[in-house]
2 protein chains.
Amino acid sequence: MGDSPAAERVLRAAVSAFAELGFHGASTREIAARAGMSPAAVYTHFRSKEDLLFGISLDSHEQVLAALHRAAAQGVTPPERMSSIMYEFTLFHARGRAGAWVANNEIAILTAEHARQIKALRRQMMEVVRSVIEAGLRTQDFHTSDPSMTCTALMTLSMNVERWYREDGRWSPEDIATHYRDLALRMLGVTS
Amino acid sequence: MGDSPAAERVLRAAVSAFAELGFHGASTREIAARAGMSPAAVYTHFRSKEDLLFGISLDSHEQVLAALHRAAAQGVTPPERMSSIMYEFTLFHARGRAGAWVANNEIAILTAEHARQIKALRRQMMEVVRSVIEAGLRTQDFHTSDPSMTCTALMTLSMNVERWYREDGRWSPEDIATHYRDLALRMLGVTS
DNA sequence: TGTAAATCTGAACAAGCGCTCAGCGATGAC
DNA sequence: GTCATCGCTGAGCGCTTGTTCAGATTTACA
């Protein structure tokens with residue numbers, strides 16, 4: 001259920017509608033209109049509106065997790081790894097490829113089972129970043145009094161970009177990713 | 001319109017309902033129930049649901065702005081001022097006194113005129129932080145390649161705390177404020 | 001004690017919601 | 001040529017939404 005071209009169109013329509021209007025603010029009629037079909041047609045691809053939100057959320061979380069793993073493998077030393085992670089993670093959210101935060105606020109809307117799955121993926125994302133930070137502490141490249149809180153700060157900082165980024169703004173996604181990469185190293189006490 | 005004790009109760013009920021369920025997710029009946037009155041009674045205090053959101057937003061933005069001004073006056077050197085600002089700003093959001101972000105996402109819901117007022121307040125908040133950063137650059141206490149983006153990063157970092165802070169978590173608001181204060185100085189290139 | 005204002009209620013309005021269903025037209029298999 | 005399958009539609013279901021209104025109750029002051 002939900003990987004034909006038409007289903008893909010519904011998914012994209014829902015991402016933009018949810019991002020713009022919020023879950024409750026985006027009606028199924030609005031989503032259907034953006035996908036260029038009747039409201040009833042949406043239900044041939046998705047069981048319910050909640051199922052649609054879950055589909056988006058699962059999709060984007062899996063993509064982000066994969067990107068994180070790829071980025072972490074991109075360097076050797078912890079600072080290199082962290083640079084790569086922060087750059088890619090920020091880029092992802094600046095490009096709005098995520099729709100990740102859609103479910104971030106609205107995780108409470110999901111079914112208990114669906115919420116469990118998303119939370120598990122989010123824990124894995126956290127784990128990737130955490131492990132690099134701890135490696136850096138051991139090699140004394142990083143210095144922080146509370147690795148866990150710094151980890152939270154780093155990730156939420158990046159994810160938040162999706163909220164304020166404007167395509168017509170003065171910064172490109174790459175500008176932001178570059179700057180945030182530098183900020184991350186500073187936050188971890190790397191003195192260059 | 002809206003400063004009697006009963007109106008205050010409605011305001012608090014709406015803050016919690018909006019924060020928990022989102023603007024569209026929180027019905028006027030739900031808000032009325034939380035305030036301990038009938039749905040119709042809400043409309044003696046507020047013209048509309050949008051007016052209620054605006055009331056909350058205006059209130060919290062004015063409080064945050066005042067706190068920022070107070071904090072900025074708390075130190076002499078730019079690092080001192082910035083420490084104080086970041087601590088207070090973060091504390092405010094961790095304590096959830098804001099309901100600020102409620103309107104942060106949902107500013108699109110507001111009337112054009114109401115949105116203008118909120119945006120103006122937000123610009124003023126930004127200006128307070130910006131001026132301290134620029135003072136620090138002149139005194140060479142701070143070093144950053146893009147003061148404007150660093151300013152955005154600092155503010156969004158703090159504001160985001162309201163999204164993930166849990167009362168039953170391992171960190172107190174003061175813990176977070178203290179850590180974020182240190183992070184802010186690092187992000188601004190202060191070497192201690 | 002009487003009166004005006006402030007505050008609240010129950011009932012109801014039109015409109016919009018998520019979702020279902022019988023049926024339509026095109027496509028491809030036999 | 002027939003028939004099943006698929007993606008889709010228009011109509012409409014039961015329900016909830018924001019909001020209004022006539023009237024009841026409470027409060028404040030003379």
Side-chain angles (χ1 to χ4, degrees), chain A residues 1-57 102-103 105-115, chain B residues 1-57 102-103 105-115:
Chain A
M1 201 166 199
D3 45 352
S4 69
E8 198 68 41
R9 253 166 54 228
V10 175
L11 225 66
R12 268 200 302 276
V15 166
S16 82
F18 286 159
E20 215 166 294
L21 307 163
F23 179 79
H24 292 294
S27 69
T28 54
R29 284 164 179 81
E30 171 69 26
I31 295 168
R34 290 189 190 212
M37 58 181 73
S38 78
V42 171
Y43 288 85
T44 18
H45 303 290
F46 296 91
R47 242 180 297 276
S48 68
K49 197 182 169 189
E50 186 271 342
D51 194 44
L52 194 42
L53 177 63
F54 175 64
I56 290 171
S57 204
V102 165
N105 327 345
E106 324 210 4
I107 203 167
I109 290 161
L110 293 174
T111 299
E113 168 57 19
H114 285 170
Chain B
M1 201 167 199
D3 46 353
S4 71
E8 198 68 39
R9 253 166 54 229
V10 175
L11 225 65
R12 269 200 301 276
V15 166
S16 82
F18 286 159
E20 215 167 292
L21 308 163
F23 178 79
H24 292 292
S27 68
T28 54
R29 282 163 182 80
E30 170 70 26
I31 294 168
R34 290 188 190 214
M37 58 181 73
S38 77
V42 171
Y43 287 84
T44 355
H45 304 290
F46 296 91
R47 242 180 297 277
S48 68
K49 197 183 171 190
E50 186 271 342
D51 193 42
L52 193 42
L53 177 63
F54 175 64
I56 289 172
S57 203
V102 165
N105 326 346
E106 324 212 3
I107 204 169
I109 291 161
L110 294 173
T111 298
E113 168 56 19
H114 285 171

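Keep in mind the model is a prediction, meaning the values are calculated, not measured. Residue numbers start from 1 in every chain, and the chains themselves are labelled A, B, ... in the order their sequence lines are given, proteins ahead of strands.
Taking Ser48(A) as the reference, nothing meets the side chain to side chain donor-acceptor pair (under 3.5 Å) condition, with sequence neighbours excluded. Contacts of Ser16(A) classified as side chain to side chain donor-acceptor pair (under 3.5 Å), with partners at least two apart in sequence or in another chain: Arg34(A). Judged as a side chain to side chain donor-acceptor pair (under 3.5 Å), and not counting sequence neighbours, the contacts of Thr111(A) are Glu50(A). With sequence neighbours excluded, no residue forms a ring-ring contact (aromatic ring centres under 6.0 Å, His included) with His24(B). Partners of Ala14(A) according to the side-chain contact (heavy atoms from CB on, under 4.5 Å) rule, which considers only residues two or more places apart in sequence or in another chain, are Phe18(A), Ile31(A), Leu52(A), Ile56(A). In this structure Ala41(B) satisfies the side-chain contact (heavy atoms from CB on, under 4.5 Å) test together with Met37(B), Ser38(B), Thr44(B), sequence neighbours excluded.
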*Summarise protein proximity over nucleotides 4-10 of chain D in one line of letters, 5' to 3': B for base, S for sugar-phosphate only, - for none, counting protein heavy atoms closer than 4.0 Å.*
----BBB
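Note that the CZ atom of Phe46(B) and the CG atom of Leu53(B) stand 11.0 Å from one another [nearest 0.5 Å]. Atom OH of Tyr43(A) and atom CG of Asp51(A) lie 10.5 Å apart (nearest 0.5 Å).
The side-chain heavy atoms of Lys49(B) and Val42(B), taken from C-beta on, include no pair separated by under 4.5 Å.
For the segment residues 23-33 of chain A, residues with any heavy atom less than 4.0 angstrom from an atom of DNA chain C are, sorted by number, Ala26(A), Ser27(A), Thr28(A), Arg29(A).
Legend: salt bridge (Lys or Arg N to Asp or Glu O under 4.0 Å) pairs involving residues 9-19 of chain A, not counting sequence neighbours: none detected.
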Close N or O pairs between protein and nucleotides 22-27 of chain D (under 3.5 Å):
none

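Distance NZ (Lys49(B)) to P (dT16(D)): 15 Å, rounded to an integer number of Å.
Mapping heavy-atom proximity under 4.0 Å, the span of DNA chain C touched by chain A runs 5' to 3' from dC17(C) to dC21(C).
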